[in-house]
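Since we're looking at a predicted model, the values are computed, not measured. Each chain gets a letter, A, B and so on, in the order its sequence line appears, and its residues count up from 1.
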Amino acid sequence: MAKEKVNFEEEQVRISYRHTTSHILAQAIKNLWPEAKLAIGPSIKDGFYYDIDLDYKINDQDLLKIMKEMKKIIKANYKLERFELPRDEAIKFMEERKEDYKVELIEDLADDAVISFYRQGDFVDLCAGPHMDSTGQITAIKLTSVAGAYWRGDENRKMLQRIYGTCFPSQEELDNYIKKIEEAKKRDHRKIGKEMDLFMLNDVGPGFPFFLPNGMVIRNSLENFWREEHNKHGYQEIKTPLIMNEELWRTSGHWDHYKDNMYFTKIDDEDYAIKPMNCPGAMIAYKRKMYSYRDFPMRVGELGQVHRHELSGALHGLMRVRTFTQDDAHIFMLPEQVKDEIIGVTKFIDEVYKLFGFKYFVELSTRPKDSMGTDQEWDMAETALSEAMKEIGVEYILNEGDGAFYGPKLDFHLEDSIGRTWQCGTIQLDLQMPQRFDLTYVGSDGEKHRPLMIHRVIFGSIERFIGILIEHTAGKFPLWIAPVQVKLLTVTEAQSEYATKVKEKLEIAGLRVELDIRNEKIGYKLREARNQRTSYICVIGEIEAKGDTLSVRSNKEGDLGTIGVEDFIANLVKEIENKVM
RNA sequence: GCUACUGUGGCUCAAUGGUAGAGCACUUCACUCGUAAUGAAGGGGUUGGGGGUUCGAUUCCCCCCAGUAGCUCCA
């Protein structure tokens, strides 16, 4: 049967195609398990899913069975026919079919909504469309996984079974997609972290990562960079305690709004908490003395380690942990300085992300249900953030009700290797802390006034940022961050002396060098060094020892041929200085 | 936390109702070698923890812990 060519480049076509496949999935499930109740089945990034309520637990074997059934439906080439029903009839229609979830969906539709259905063979689904014309147009399908998902995303409601799948207009495209996912999985930071001996996790502390010597090189490089840049951008630095008493957390509001996520301890019978955020400590530091309006804007940074009791199921390598170091800063300002400060921080974040070649998107989160302050304060704060973004032409996604309990925020999201996004940078305007801690400054009128404040992070958490960096670079870090910058390999023991001298020279130039003079074949040493993702591998044999040269291989560019030792050093020093990716 | 799945030496994985095996890594010896694995020998595991069924459990059952995917929640 000759098929019309489907243009997958067009978004509408892609969505229709996936959406139609999700209907085929639903039909297949109803064929196999008539008692299954259908919830929703949308098209998503890279594929589709369908949520179903079924007592029988679907396993991986069943996915194959379902796929077989789907192929039958595709082969039958049913036409997709759209029809509309008035609300009462629509509800009756789904009630007769015992589709409780569909009934609920129809009941929640707006009064004037058009209630449309799509029919394919004897299967009918409530759906706004659009769809392909017939099931036969679907070519390559694959069901990828089954997982739990709450009905309507509400953890208080029933957990349904969600079947994920993907589909393409040709088998070749599907194969390519699967291959791409397999490749991406090789960049998983948890895998590379183990292979490169960067960090580890252990049952002694789930979600509390250990940083190993190689990982510490990366971490320290990032922290040194952070200090240099913050110096340039006019920041001071402080360090506040990890443990502070109950009263402080009551004053800050964390005790009332964040208790479930906090760890507690007792000291001499007094209640203390381990800090989940750095702001209260920063407030205490601020209050140590009097300030003039001339001191503002005052930017105070802190690499602050926080502990948060995250749900066990949320933990994920370095991306989601229970203790992490925020590259925090609090900026105290006059009202007229707010916009410029927000713009300044946004540009700062952009500079840093660009240096690493990261793509990101921005989200503006507004007032949540559980929050402090008045509507007026929130309006002012939300407006300040959105206007700053407008002024510098940064586009953002609005995420209503997802702000912090003390203020709205701009979040900067980065992607991991398989396209999951993680919030890293954030700028949060806070009208509550200055009030709660009674922060003041003396204005030009000689009176006390309340400063405005923003919290912000750039990396977000050093741990998460390193996780993203590992996946982004696949472990081939920019030279200035790389744990081992150069590895020298001798061909035979005859070159040990020369190699040792080269090593000294490189070390004097400040490079991180390892020397392998083991009595092993060069191929063996080379393989090991390559597996370690060493930035530069230098082979040293008789020729190099005589000519004062190195035979160099870059982990990014491959074989670079023979280079004089002095030139090699100069090149690397320059590469580090320029922070080449 | 919820749903499903997984948990075997440092790592990657195999096997079984009769107390476990490979490769890599590690140690020792030999080989002195030119761009992704030289050969040989050796050491290393109360099969995540606890309980139960059984003559016997690592395997079957229950509970707990941890991990993976997704949901929820978040840097």
Name the nucleic acid region contacted by [X], choosing base, sugar-phosphate or nothing; use a 4.0 angstrom heavy-atom cut-off, strictly under.
X	result
A/Gly313	base
A/Gly523	sugar-phosphate
A/Lys158	nothing
A/Ile543	base
A/Ile522	sugar-phosphate
A/Val306	nothing
A/Val146	nothing
A/Asp402	sugar-phosphate
A/Tyr49	nothing
A/Gln161	nothing
A/Lys521	base
A/Glu542	base

Given the [atom1] atoms of [N] and [M], what is the spacing between them in whole Å?
N	M	atom1	result
B/rA37	B/rC5	C1'	35 Å
B/rU8	B/rA14	C1'	9 Å
B/rC33	B/rA20	C1'	39 Å
B/rG1	B/rC64	P	11 Å
B/rU6	B/rU16	P	16 Å
B/rC73	B/rG17	C1'	44 Å
B/rG48	B/rG10	P	12 Å
B/rU28	B/rG43	P	15 Å

Could you check whether the side chain of [X] and the base of [N] have a donor-acceptor pair of N or O atoms closer than 3.5 Å, going by distance alone?
X	N	answer
A/Glu544	B/rG34	yes
A/Arg320	B/rC73	yes
A/Tyr150	B/rG70	no

Candidates [options] - which lies nearest the side chain of [X]:
X	options	result
A/Arg162	B/rC74, B/rU35, B/rG70	B/rG70
A/Asp203	B/rA75, B/rA36, B/rA66	B/rA66
A/Arg464	B/rG70, B/rC74, B/rU35	B/rC74
A/Arg530	B/rA36, B/rA75, B/rC2	B/rA36
A/Ser312	B/rC74, B/rG1, B/rA4	B/rG1
A/Arg527	B/rC31, B/rA66, B/rA37	B/rA37

Any [X] side-chain nitrogen or oxygen under 4.0 Å from OP1 or OP2 of [N]:
X	N	answer
A/Arg420	B/rA69	yes
A/Lys525	B/rC33	no
A/Arg190	B/rU68	yes
A/Lys194	B/rU12	yes
A/Tyr524	B/rA25	yes
A/His316	B/rA69	yes

- prompt: Taking the six-membered ring for Trp, are the ring centroids of A/Phe168 and A/Tyr177 within less than 6.0 Å of each other?
  reply: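 Yes, they do, as the ring centres are separated by less than 6.0 Å.
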- request: Examine A/Tyr360 together with A/His413 and report whether their ring centres are nearer than 6.0 Å.
  value: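 That pair fails the under 6.0 Å test.
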Would you check if there is a donor-acceptor pair between the side chains of [Y] and [X] at a distance under 3.5 Å?
X	Y	value
A/Gln495	A/Thr490	no
A/His309	A/Asn261	no
A/Gln428	A/His455	no

Assigned partner base of [N], Watson-Crick or wobble definition, under 3.5 Å:
N	result
B/rA22	B/rU12
B/rU3	B/rA69
B/rA40	B/rU28

query: Under the criterion salt bridge (Lys or Arg N to Asp or Glu O under 4.0 Å), which of A/Lys275, A/Arg456, A/Lys239 is the partner of A/Glu302?
result: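 When salt bridge (Lys or Arg N to Asp or Glu O under 4.0 Å) is applied between A/Glu302 and each of A/Lys275, A/Arg456, A/Lys239, only A/Lys275 qualifies.
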query: Considering only heavy atoms from C-beta outward, does the side chain of A/Thr325 approach that of A/Arg219 to under 4.5 Å?
result: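 Of all side-chain heavy-atom pairs linking A/Arg219 with A/Thr325, at least one is under 4.5 Å.
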query: Does A/Val457 or A/Ser551 map to a spot on RNA chain B nearer the 5' end, using the closest nucleotide for each?
result: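 Its nearest nucleotide lies further toward 5', so the answer is A/Ser551.
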Geometric cation-pi criterion A/Arg18 and A/Phe48, 6.0 Å radius, 45° cone: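 No, a cation-pi geometry is absent between A/Arg18 and A/Phe48.
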